[in-house]
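What's counted below: heavy atoms across the whole structure, side chains too, no hydrogens, waters or symmetry copies. Predicted model only: the values in this text are computed from it and were never measured.
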Number of protein chains: 2
Amino acid sequence: MTRPIYQVKAEFFKTLAHPARIRILELLQDGERSVGELIPEVGLEASHLSQQLGILRRANIVQSRKVGSTVRYSVSDRRIFDLLAVAKTILTGTLAEANQLLAELEGVEFTKLQPPPREAPRQEI
Amino acid sequence: MTRPIYQVKAEFFKTLAHPARIRILELLQDGERSVGELIPEVGLEASHLSQQLGILRRANIVQSRKVGSTVRYSVSDRRIFDLLAVAKTILTGTLAEANQLLAELEGVEFTKLQPPPREAPRQEI
DNA sequence: TGGCGAATTGATGTTCTTTTCAAGTTCGGC
DNA sequence: GCCGAACTTGAAAAGAACATCAATTCGCCA
């Protein structure tokens with residue numbers, strides 16, 4: 001084995017941990033895109049976008065091929081979309097629950113709490 | 001909606017993007033753990049571990065409850081383990097493929113390539 | 001073959017994260 | 001009440017990532 005699994009996973013998540021890189025992957029879900037096509041869609045200037053694409057490429061998350069004078073990108077493994085989908089269900093789920101909890105707290109104890117809590121209160125036994 | 005989905009996802013992945021935090025989640029897969037139990041298992045000193053737990057807690061990925069003088073942690077949503085499982089299949093998959101590719105390159109073109117490439121070569125059309 | 005468009009790379013300042021240490025809180029036992 | 005154990009918090013140094021600009025490569029075509 002190369003390195004502990006938790007370290008490899010952490011690096012993997014780190015390469016995903018940037019809004020532009022997530023955006024790029026979302027766009028590539030509809031199929032291959034050239035850098036020129038991505039620029040307006042992602043909203044970064046060419047060199048910055050290229051840096052972000054490089055990070056995804058070096059992590060083997062996307063791959064590129066030259067077509068004439070352009071470079072076209074696509075994902076290396078479509079299971080990455082499963083990952084994004086699971087992340088989405090977790091986020092919508094927990095956010096929904098967290099918001100509900102916050103709403104309850106605000107309704108019941110708003111006058112007591114000054115200032116309101118930033119994170120969900122610790123659950124007491 | 002609060003913010004664009006790609007931004008929320010990026011933040012979510014960012015909270016996971018640390019070896020110790022992944023390790024903590026792996027350990028919590030077997031059930032609730034106190035901070036004192038986690039210290040030797042994760043291998044961080046108390047204050048450092050507490051910082052990392054705080055990051056997971058503020059992101060609602062784990063929750064804590066006091067039991068006597070100890071604090072016990074557990075995951076808020078077990079679907080996080082689905083996420084880690086999908087990540088694992090992607091990593092074992094692409095790493096296996098990448099290693100195979102590298103092995104092929106080294107075998108066939110080792111004398112030609114000086115130095116050997118760091119990333120998979122661009123696919124030509 | 002000279003120049004232009006497409007994309008990447010390198011270098012650099014800035015900002016964010018990680019790590020460490022000291023100080024603080026909370027709880028239980030004496 | 002006071003002390004020690006279990007954690008957490010705050011602040012500051014060290015390290016990593018991000019964003020930006022200039023310079024470079026590569027292919028095309030006039």
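- Arg33(B) is not listed as a side-chain neighbour of Arg72(B), based on a closest heavy-atom distance of 4.5 Å or more.
- Atom-to-atom distance recorded for Leu56(B):CG and Leu53(B):CG is 6.5 Å, nearest 0.5 angstrom.
- Here the straight-line distance linking atom NZ of Lys88(A) with atom CG of Leu83(A) works out to 14.0 Å at 0.5 Å rounding.
- dA6(C) atom C1' lies 13 Å from atom CG of Leu38(A), rounded to whole Å.
- Counting to the nearest Å, the C1' atom of dA17(D) and the CG atom of Leu16(A) are 15 Å from each other.
- Look at CD1 on Ile39(B): it is 11 Å from C1' on dA5(D), rounded to the nearest Å.
- Considering CZ of Phe12(B) and CD1 of Ile22(A), their distance stands at 10.5 Å, rounded to 0.5 Å.
- Side-chain contact, Tyr6(A) with Arg21(B): no donor N or O sits under 3.5 Å from an acceptor N or O.
- For the atom pair CD1 of Ile55(A) and CG of Leu16(A), the computed distance is 11.0 Å after rounding to the nearest 0.5 Å.
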Inset, instruction - Give the B/S/- string for nucleotides 16-24 of chain C, one per nucleotide from 5' to 3', where a protein heavy atom under 4.0 Å of the base yields B, of only the sugar-phosphate yields S, and otherwise -. - result: -SSSBBB--
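- For Ser69(A), the side-chain atoms get nearest to dC28(D) when compared with the rest of dG28(C), dC28(D), dC7(D).
- Distances shorter than 4.0 Å separate none of the side-chain N or O atoms of Arg72(A) from OP1 or OP2 on dA6(C).
- Helical stems in DNA chain D, defined as runs of 3 or more consecutive Watson-Crick or G-U wobble pairs with donor-acceptor distances under 3.5 Å: C:1-30 with D:1-30.
- Rounded to whole angstrom, the span from the CG atom of Leu49(B) across to the P atom of dT8(D) amounts to 8 Å.
- Once rounded to the nearest 0.5 Å, the distance linking OG1 of Thr89(A) with CG of Asp82(B) reads 7.5 Å.
- Base engagement by Ser50(B) is indicated by at least one non-hydrogen atom pair under 4.0 Å involving a base atom.
- Contact check for Leu44(B) versus Leu38(B): no side-chain heavy atoms found under the 4.5 Å cut-off.
- Under 4.0 Å is where a charged nitrogen must lie from a carboxylate oxygen, and between Arg23(B) and Glu41(B) no such pair does.
- Residue Tyr73(B) places no side-chain N or O under 4.0 Å from the OP1 or OP2 atom of dA6(D).
- If you take CZ of Arg33(B) and C1' of dA6(D), they are 18 Å apart, rounded to a whole angstrom.
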